Amino acid sequence: DKVYYVSRPIIIKADQQHIECDAIIRSDAEYAVEIRNAVYSRMYFARIENSKGGCIHFNVSAHDESVAYSKFGFGVLLAKTECIKIDTANGQWCNENQFECGQFRKGKWAVYADDRSNTSVDYSCIEGNAFYNAGVEGTEKGFFLGRVTNTYIINPRHSESSHLVTTVGKCSINLLLKNVATEK
C-alpha cells in the first residue's frame, strides 16, 4: 500500500541485481526508472505511473554496460510517452531478456525499441528479447521495433491500441497468438 513519489529517475546500474518493488512508484521525471546495467538480474515492479514521461528506460550507453540474460516483470505501467523504452549505443547490448508483462494501461507506446542509431555495426544490438502476456490494453500503439531482431511477442492481449507491432528497417519478429505461430 505504499506510494513513492520520485522527481528524478531511479537509476539501476550494478550487475547481479534482485529487485522486488510491490509499492506504487509515481513520477514526473523523464523516466521513473532507468536501467543501465543488468546482467543475470531479476527485477519486478508492481506499478509505475508517470504523468510527464515514460515508466522504464533501458539506457545502454556506456562502454561497459549491457542489459542481458535478465528477467523483468511488472504489474501495471501508466505513462505519458513510452511505458518501456530501449536504447543502445553503438555496439552495446540489450539482448536475451525475458519480460513478464502485466498491463500497459496508458501511454503513446507500450514498448519503443529503436536500434537504428547503431550505424557502425551491421547487426542489431537489441535482439532475442521475449515479451510474455503483454496486456497492450490502454496505450495508443503497441510495440515499435526499429531494426530489432529475434524479438518474441507471446500471447499478447491487444484490445485498445491502434497497432500491435510497428517495424522499421530490418526486423525479425516472432509473434505467437492463440497457439498459432506467425512469422513476418
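This is a predicted model, so every value here is computed, not measured.
With no hydrogens or angles considered, no side-chain donor-acceptor pair links Asp87 and Asn59 at under 3.5 Å.
Summarising the geometry of Ser7 relative to Ala29, their closest heavy-atom pair is O-CB, 3.5 Å, with the distance given to 0.1 Å. Of all heavy-atom pairs between Cys171 and Gly146, the closest is SG-C, 4.3 Å. Scanning both residues, Phe45 and Ile56, for their nearest heavy atoms gives CD1-CD1, 4.2 Å. Between Leu164 and Val136, the shortest heavy-atom contact is CD1-CG2, 4.2 Å. The nearest pair of heavy atoms linking Ser27 to Asn50 is O-OD1, 3.0 Å. In terms of heavy atoms, Val76 sits closest to Arg105 at CG2-NH2, 3.7 Å.
The hydrophobic cluster containing Val33 also contains Ile86, counting ILVMFWY residues as joined when their side-chain heavy atoms lie under 4.5 angstrom apart, directly or transitively. Connection of Val6 to Met43 is established within a shared hydrophobic cluster, with ILVMFWY side chains joined at heavy-atom distances below 4.5 Å, either directly or through further cluster members. Note: the hydrophobic cluster containing Ile19 does not contain Tyr44 (ILVMFWY, side chain heavy atoms under 4.5 Å, direct or indirect links). Leu78 and Ile24 fall into different hydrophobic clusters, defined by Ile, Leu, Val, Met, Phe, Trp and Tyr side-chain heavy atoms under 4.5 Å apart, directly or through other members. Residue Ile48 is not grouped with residue Tyr31 when hydrophobic side chains (ILVMFWY) are merged at heavy-atom distances under 4.5 angstrom, including chains of intermediate members.
Residues meeting the ring-ring contact (aromatic ring centres under 6.0 Å, His included) test with Phe143, sequence neighbours left out: Phe131. For Tyr69, the ring-ring contact (aromatic ring centres under 6.0 Å, His included) test picks out Tyr40, with sequence neighbours left out.
Ile84 places a side-chain heavy atom less than 4.5 Å from the side chain of Phe58. Side-chain contact between Asp114 and Phe144 is present, with heavy atoms from C-beta onward closer than 4.5 Å. At least one side-chain heavy atom of Leu175 sits less than 4.5 Å from a side-chain heavy atom of Pro156. In this structure the side chain of Thr81 never reaches within 4.5 angstrom of the side chain of Tyr112, judged on heavy atoms. Side-chain contact check for Glu30 versus Lys85: every heavy-atom pair is 4.5 Å or farther apart.
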Just do the ring pair (Phe, Tyr, Trp, His ring centres under 6.0 Å) check on Phe104 and Phe74 with the steps written out, would you? CA-CA 9 Å; Phe104 296 102; Phe74 63 88; 5.0 Å; yes
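Around atom CZ of Arg157, more than 12 heavy atoms belonging to other residues, nucleotides or ligands sit under 6.0 Å away.
Of the possible polar contacts, one joining the Ser70 side chain to the Ser41 backbone as a donor-acceptor pair under 3.5 Å is found. Not a single donor-acceptor pair under 3.5 Å links the side chain of Asn129 to the backbone N or O of Phe99. Here the side chain of Asp28 pairs no donor or acceptor atom with the backbone of Ser51 at under 3.5 angstrom.
Summarising the geometry, atom CD1 belonging to Ile10 is positioned 10.0 Å from atom CD1 belonging to Ile35; distances are rounded to the nearest 0.5 Å. Rounded to the nearest 0.5 Å, atoms SG (Cys83) and NZ (Lys108) are 13.0 Å apart. With values rounded to the nearest 0.5 angstrom, Arg26 atom CZ is found 13.0 Å from Tyr4 atom OH.
Residue pairs meeting the salt bridge (charged side-chain N to carboxylate O under 4.0 Å, His left out) criterion with at least one member in residues 69-84, sequence neighbours excluded: Lys71-Glu100.
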